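Here is the naming used below: chain letters follow the sequence lines, and residue numbers restart at 1 for every chain. Side-chain atoms are counted along with the backbone in the values below, which use heavy atoms only and exclude waters and symmetry mates. Only a predicted model underlies this, so the values are computations on that prediction, with no experimental measurement involved.
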Protein chains: 2
Amino acid sequence: MITIGQLANYAGVTIKAVRHYHERGLLAEPPRDASGYRRYSAAHAVDLIKIKTLAEAGVPLARIKELLAADPDRFAAAVAEIDRNLQERAAELQRTRERIARLGAGDRLFVSPEVADFLDRLRGIGVSERGVRMERDMWILLQSVSPEQAADWIADKREAIGDPGFQALYVEYDAAFDWSPDDPRLSELADRARRWLAGRGTRSGPAPDPTVIRLVATATGVSPAWDRLAEIARR
Amino acid sequence: MITIGQLANYAGVTIKAVRHYHERGLLAEPPRDASGYRRYSAAHAVDLIKIKTLAEAGVPLARIKELLAADPDRFAAAVAEIDRNLQERAAELQRTRERIARLGAGDRLFVSPEVADFLDRLRGIGVSERGVRMERDMWILLQSVSPEQAADWIADKREAIGDPGFQALYVEYDAAFDWSPDDPRLSELADRARRWLAGRGTRSGPAPDPTVIRLVATATGVSPAWDRLAEIARR
DNA sequence: CTTGACCCTGCCCCTGGGGCAGGGTTCGAG
DNA sequence: CTCGAACCCTGCCCCAGGGGCAGGGTCAAG
């Protein structure tokens, strides 16, 4: 007849946990000795080790209680299921590890692979880091507001970025960020953009979501030159 | 500028979790619009995805808060450590799986391998299931009261069980459980046991712990014949 | 007789949120 | 213009699985 401390020590749990299991009805309360101390038998030790083993496997205490009361067949079935669960958790852990590894490096964690690819291409043709970051932020917002629309747009953009004309336009837009709104090059740039769009023909695509329109509009307003470009384009 | 719902959806967390991260100071509170709604930017989305990724890896929120504030070097170091942690957890999971699998079958989970082995040998020489179970329970209690003493004793017993004389004695003791305390075979059995012990010579071993003595004494008292045997032995 | 190691109950604390109440807002459809 | 659905707000209590501490009793050895 052992004490709670010896029992806990043998099973490798804390005294507190043992009492917790009593409260939850997982482990039967043993008889008390003359001074009110709990006195345990080997049967309790066996039960406690079962409880601990299942608890370590992540089985909720309420479920453990059921299991201990179940017949051996159902117990075995439940154990098999718990094992499957454990296996799945191991796989999940592996996936988490991969994403953790990518946390530090690059933007690929924050946008879809297509967008990440597009951003890489922008860098490749000489767009400034600031420009790439703004573009990335735009896509993040776009993807959260309307993922399908974002998918459509990125497909379109990825196609366009292969065109040297578009590349040149993009780089110049990027540079124009810092220009004065009175810069004479602006109207010429707007004109070239209009002609490129026209030469590409009308792209039907789905009707743009008004929320998206508003979003893109909100996102501007940081560069006077870009505002001016937008104004010219509206005419 | 997106709403809390869009942000949560994009990052794959619940709205509740986002607000929770605000409360904990993990994610900066964004500006509110005219009606008091939170309005998020892409920077928040980036932060939130970092938080979620780390949280999924089991990093405590308080630690995540520190990490986000740390410089990239320390961040990278921490990420490496988290990864090591994850790897260890995967291994731990594997070990848990093995123990879970053994939950249903056999006693090996509840006693040391040496004792489990000894119990198997008892079964092998014909000791009853009840006898083996009593022996097992005795060892469980013994191991929880005094692991070193148990280790000494089991080494001794494992050696003795190789002796055919001891085997015969053990089997007869097992059978004697149900005998009447007046059975004439009892004194003859006690005599044989005494002679076997004498023939084996005095084993020194460490002084027996009084707690252990009391324990073994408590464990008896269920079989009148065994009590009688103990009484004969004391003379 | 004291000292340290145990044991008892009862209470509040933690994490990482979930759920619900009881409101206000926004947006598209009828 | 109004209605309902779908959002959003704060505030509150709840869960598991215990940890920690208070305030007390007990036991064995020196």
Point to revise | Separation of C/dT15 P from B/Tyr21 OH (nearest whole Å) | key: 13 Å

Exercise for review: To the nearest 0.5 Å, tell me how far A/Ile140 CD1 sits from B/Leu7 CG.
Suggested key: 10.5 Å

**Study point:** Closest heavy-atom pair and its distance - A/Ile82, A/Val59
**Key:** CD1-CG2, 3.6 Å

Study note, to complete from the structure: Taken in chain and number order and not counting sequence neighbours, the residues that satisfy side chain to side chain donor-acceptor pair (under 3.5 Å) with B/Asp83 are A/Arg97

Check your understanding: Counting only side-chain N and O atoms of A/Arg24, is one of them less than 4.0 Å from OP1 or OP2 of D/dA16?
Key -> yes

Practice item. Taking only heavy atoms on the protein side, list every residue of residues 56-69 of chain A lying under 4.0 Å from any atom of DNA chain C, sorted numerically. Key: none

Practice item. Taking only heavy atoms on the protein side, list every residue of residues 83-98 of chain A lying under 4.0 Å from any atom of DNA chain D, sorted numerically. Key: none

Review point. Under 4.0 Å between a side-chain N/O of B/Thr14 and OP1 or OP2 of C/dG17, yes or no?
Key: no

**Study point:** Protein-nucleotide distance (A/Glu23, atom CD; D/dG19, atom C1'), rounded to Å
**Key:** 13 Å

Point to revise | Derivation and outcome, side chain to side chain contact (heavy atoms under 4.5 Å, CB included), residues B/Gln6 and A/Leu141 | key: CA-CA 9 Å; B/Gln6 289 165 334; A/Leu141 296 179; over 6 Å; no

Practice item. Only pairs at least two apart or in different chains count here, so list each side chain to side chain donor-acceptor pair (under 3.5 Å) that has a residue in residues 45-68 of chain B. Key: A/Arg99-B/Glu56

Check your understanding: Taking CD from A/Gln6 and C1' from C/dC6, how many angstroms apart are they, rounded to a whole number?
Key -> 10 Å

Exercise for review: Determine whether B/Arg136 and B/Val111 make a side-chain contact, defined as any pair of heavy atoms from C-beta on separated by less than 4.5 Å.
Suggested key: yes

Review point. B/Leu27 has an atom CG; how far is it from atom P of C/dG16, in whole Å?
Key: 15 Å

Review point. Salt-bridged, B/Arg89 to B/Glu92, with N to O below 4.0 Å?
Key: no

Exercise for review: Locate the shortest heavy-atom distance separating B/Ile64 from B/Ala55; write the atom from each residue and the value.
Suggested key: CD1-N, 3.6 Å

Look for any protein N or O under 3.5 Å of an N or O in nucleotides 3-6 of chain D and output each such pair with its distance, or none.
none

Under 3.5 Å between N/O atoms: give me all the protein pairs with nucleotides 9-11 of chain D, atom names plus distance.
{"from": "D/dC9", "atom 1": "OP1", "to": "B/Arg38", "atom 2": "N", "distance (Å)": "3.2"}
{"from": "D/dC9", "atom 1": "OP1", "to": "B/Arg38", "atom 2": "NH1", "distance (Å)": "2.9"}
{"from": "D/dC9", "atom 1": "OP2", "to": "B/Arg19", "atom 2": "NH1", "distance (Å)": "2.5"}
{"from": "D/dT10", "atom 1": "OP1", "to": "B/Arg32", "atom 2": "NH1", "distance (Å)": "3.3"}
{"from": "D/dT10", "atom 1": "OP1", "to": "B/Arg32", "atom 2": "NH2", "distance (Å)": "3.2"}
{"from": "D/dT10", "atom 1": "OP2", "to": "B/Arg38", "atom 2": "NH1", "distance (Å)": "3.3"}
{"from": "D/dT10", "atom 1": "OP2", "to": "B/Arg38", "atom 2": "NH2", "distance (Å)": "3.1"}

**Study point:** B/Arg158 and B/Glu114: CA distance, side-chain angles, deciding distance, salt bridge (Lys or Arg N to Asp or Glu O under 4.0 Å) verdict
**Key:** CA-CA 8 Å; B/Arg158 295 223 297 165; B/Glu114 289 79 19; 5.2 Å; no

Exercise for review: Write down the distance between NE2 (B/His20) and C1' (C/dC14), rounded to a whole number of angstrom.
Suggested key: 11 Å

Exercise for review: Take the protein atom CZ of B/Arg39 and the nucleotide atom P of C/dT25, then report the distance between them rounded to whole Å.
Suggested key: 13 Å

Practice item. Specify whether B/His22 and B/Tyr40 have parallel, tilted or perpendicular ring planes, treating 30° as the upper limit for parallel and 60° as the lower limit for perpendicular. Key: parallel

Practice item. Would you check if B/Phe75 and B/Asp71 make a side-chain contact, meaning some heavy-atom pair closer than 4.5 Å? Key: no

Practice item. Give the rounded distance in Å between these two atoms: CD1 of B/Ile2 and P of D/dC7. Key: 14 Å

**Study point:** Minimal non-hydrogen separation, A/Phe110 against A/Gln143, with atom names
**Key:** O-OE1, 4.5 Å

Review point. What's the verdict on side chain to side chain contact (heavy atoms under 4.5 Å, CB included) for A/Trp139 and A/Trp153, showing C-alpha distance, side-chain angles and the deciding distance?
Key: CA-CA 10 Å; A/Trp139 285 108; A/Trp153 282 27; 3.8 Å; yes

**Study point:** N-O pairing of A/Arg228 and A/Glu231 below 4.0 Å
**Key:** yes

